[in-house]
> 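Please see the structure below; I have some questions.
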Amino acid sequence: AKDEGRNNIKLFTPAMNAKVMRRMELEANLRKALEREEFEVFYQPKVELRSDKVVGVEALVRWRRPDSVVVSPDEFIPICEETGLILPLGKWVLEQACSRAKYWHDMGFDGLNVSVNLSPRQFQDNHLVDHVGEILAQTGLAPHCLELEITEGVVMHSVDEAIETMNRLSSMGVRLSLDDFGRGYSSLYYLKRFPMSSLKIDRSFVADIATDPDDASIVNTIISMSRSLNLQVVAEGVETKEQLDFLRSKRCDQMQGYYFSRPLPARELTELLEGLRPA
Ligand code: C2E
Ligand code: CA
Ligand code: CA
Ligand code: CA
């Protein structure tokens, strides 16, 4: 044990020290960023393949640093999740997304749904259901126009508690979507027990549908399974016409991806919607 102790001390090298320092600095900067309102919500359109209409948008948070660099959520959401900063940040994203969706409804795009990502920690927060209710009441957004995207990770602590939260949200009229479907292990089990209205096929399966017969067959199976379970199925990460043609031929419900549009700042999304408005 003595040796181990000595080894542990040796492990804490100057390089690691620097890493810890950088990490602490980043944490502090993220906290300030929230106070200074440096976060911004981008929106990526979801297109219904049957009608070619934009039927919804996914809210995706960005951090616009004071030096104007835009930081991707993959770089800060995990840290926010660990430190708990995800709770105030997530609530802020939800407020932004709901009030923006209401604004688009008032402009005449009244069928538009908005999807907001919830991390496991947000989902396990006892205040979540109340916050969602308050935000819907404050913004005046119809509950069925809000969709919450969750992953299997939300059941890390207790499946029963997670299902209870889902039931409370869905009895408010809010929709739930299972994100990153296929990436985890027990997807089918959860699919059977969760009160979901849609499922998103993970981008990693969509990437090779036009070239890899195995991926094509997996995606085809997920689509037909969703149909028989009465779930809307959304393909994410669609980047090419070939992928889109495949999804159309399999009667996938919706698609999202760079092929149609990248996530855009609210104002640019408004312009995109205006451009699509029937004359
Ligand atoms: P996600 O929920 O799976 O979101 C989809 C990601 O795929 C987004 O990355 C989006 O920009 C990207 N994407 C969309 N279309 C394409 C495409 O055609 N090709 C490729 N290569 N990528 C595409 P983004 O915006 O960087 O977000 C990354 C992740 O960060 C999200 O993955 C989500 O897990 C998390 N995240 C983003 N915003 C929030 C938030 O407000 N709250 C929480 N809890 N998590 C968030
Ligand atoms: Ca998502
Ligand atoms: Ca996803
Ligand atoms: Ca994800």
Side-chain angles (χ1 to χ4, degrees), residues 30 33-34 38-47 54 56-64 69-98 100-101 113-125 128 131-132 135 146-154 156 175-184 187 196-210 219 222 232-244 246-247 254-266 268-269:
L30 284 169
L34 192 60
E38 291 168 10
F39 290 104
E40 182 175 340
V41 182
F42 279 38
Y43 298 90
Q44 186 178 37
K46 288 184 179 173
V47 178
V54 174
V57 291
E58 178 175 4
L60 294 157
V61 70
R62 305 283 181 263
W63 174 24
R64 208 184 281 275
V69 172
V70 177
V71 186
S72 120
D74 284 327
E75 287 179 48
F76 61 83
I77 291 285
I79 297 171
C80 292
E81 180 74 358
E82 274 176 51
T83 57
L85 199 62
I86 193 70
L87 296 180
L89 175 61
K91 185 166 179 244
W92 180 83
V93 171
L94 200 58
E95 286 162 355
Q96 292 288 310
C98 290
R100 184 58 67 171
N113 293 326
V114 67
S115 306
V116 177
N117 292 285
L118 289 186
S119 72
R121 187 143 175 185
Q122 284 176 275
F123 198 78
Q124 281 148 16
D125 176 25
L128 174 72
H131 285 163
V132 170
I135 291 168
L146 173 64
E147 182 178 68
L148 300 174
E149 298 193 358
I150 58 176
T151 62
E152 290 177 7
V154 300
M156 248 158 17
R175 309 239 170 109
L176 295 168
S177 175
L178 191 56
D179 203 355
D180 301 341
F181 185 78
R183 201 191 282 178
S187 308
M196 291 290 147
S197 51
S198 73
L199 167 166
K200 297 184 83 172
I201 307 173
D202 193 63
R203 189 164 90 218
S204 61
F205 294 105
V206 175
D208 296 322
I209 43 177
V219 168
I222 298 176
Q232 291 279 308
V233 60
V234 184
E236 60 177 22
V238 177
E239 293 183 354
T240 68
K241 177 161 192 310
E242 289 69 31
Q243 291 165 349
L244 178 58
F246 176 90
L247 294 164
Q254 294 175 25
M255 70 96 161
Q256 198 184 334
Y258 297 167
Y259 182 71
F260 182 76
S261 170
R262 290 185 173 258
L264 301 172
E268 286 177 44
L269 203 279

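Note that the numbering runs from 1 along the sequence shown for the chain. Start at 1 and go down the list; that is how both ligands and their atoms are numbered.
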> At their closest point, which heavy atom of Ala59 faces which heavy atom of Asn117, and how far apart are they?
O-ND2, 3.4 Å

> Rounded to the nearest 10°, what angle sits at the Ca ion (ligand 2) between OE2 of Glu58 and OE1 of Glu149?
80°

> Out of the N/O/S atoms in Asp179, what is the name of the one closest to the Ca ion (ligand 3)?
OD1

> Applying a heavy-atom cut-off of 4.0 Å, say which part of Ser119 lies close to ligand 1: side chain, backbone, both or neither.
both

> Atom 25 (O) of ligand 1: which of Arg62, Glu236, Gln256 has the nearest heavy atom?
Arg62

> If I consider every N, O or S atom in Asp180, which one ends up closest to the Ca ion (ligand 3)? I only need its name.
OD1

> Does Glu58 have a heavy atom less than 4.0 Å from any atom of ligand 1?
yes

> In residues 255-265, what donor-acceptor pairs under 3.5 Å come from side-chain atoms, sequence neighbours left out?
residue	atom	partner	partner atom	Å
Gln256	OE1	Lys200	NZ	2.8
Gln256	NE2	Gln44	OE1	2.9
Gln256	NE2	Glu58	OE1	2.7

> Enter the distance from Glu268:CD to Phe42:CZ here, rounded to the nearest 0.5 Å.
7.5 Å

> Under 4.0 Å, counting heavy atoms only: does Glu81 come that close to any atom of ligand 1?
no

> Do Leu247 and Ile209 touch side chain to side chain, with heavy atoms closer than 4.5 Å?
yes

> I'd like to know if the side chain of Arg121 reaches the main chain of Glu82, judged simply by a donor and an acceptor atom lying under 3.5 Å from each other, with no hydrogens or angles considered.
yes

> Mind checking what makes ring-ring contact (aromatic ring centres under 6.0 Å, His included) contact with Phe123, not counting sequence neighbours?
none

> Does the residue Gly90 have a heavy-atom contact with ligand 1, meaning some pair of atoms that are separated by less than 4.0 Å?
no

> Using a 4.0 Å heavy-atom cut-off, say whether Asp179 meets ligand 1 through its side chain, its backbone, both or neither.
side chain

> Is there an N/O/S atom in Ser177 that lies less than 3.0 Å from the Ca ion (ligand 2)?
no

> Return yes if some donor-acceptor pair links the side-chain N/O of Ser177 with the main-chain N/O of Leu148 below 3.5 Å, else return no.
no

> Polar-atom distance check: Val93 versus ligand 1, any N or O pair below 3.5 Å?
no

> Evaluate Tyr259 for polar contact with ligand 1, using N/O atom pairs at a separation under 3.5 Å.
no

> Of the backbone atoms (N, CA, C, O) and the side-chain heavy atoms from C-beta on, which set of Asp180 has a member under 4.0 Å from an atom of ligand 1: side chain, backbone, both, or neither?
side chain

> Which heavy atom of Phe246 sits nearest to which heavy atom of Val219, and what is that distance?
CE2-CG1, 4.0 Å

> Within the structure, does Glu149 bring an N/O atom to less than 3.5 angstrom of an N/O atom in ligand 1?
no

> Check for me whether Arg262 has a heavy atom closer than 4.0 Å to any atom of ligand 1.
no

> If you measure from each non-hydrogen atom of Gln44 to ligand 1, which part falls under 4.0 Å: side chain, backbone, both or neither?
side chain

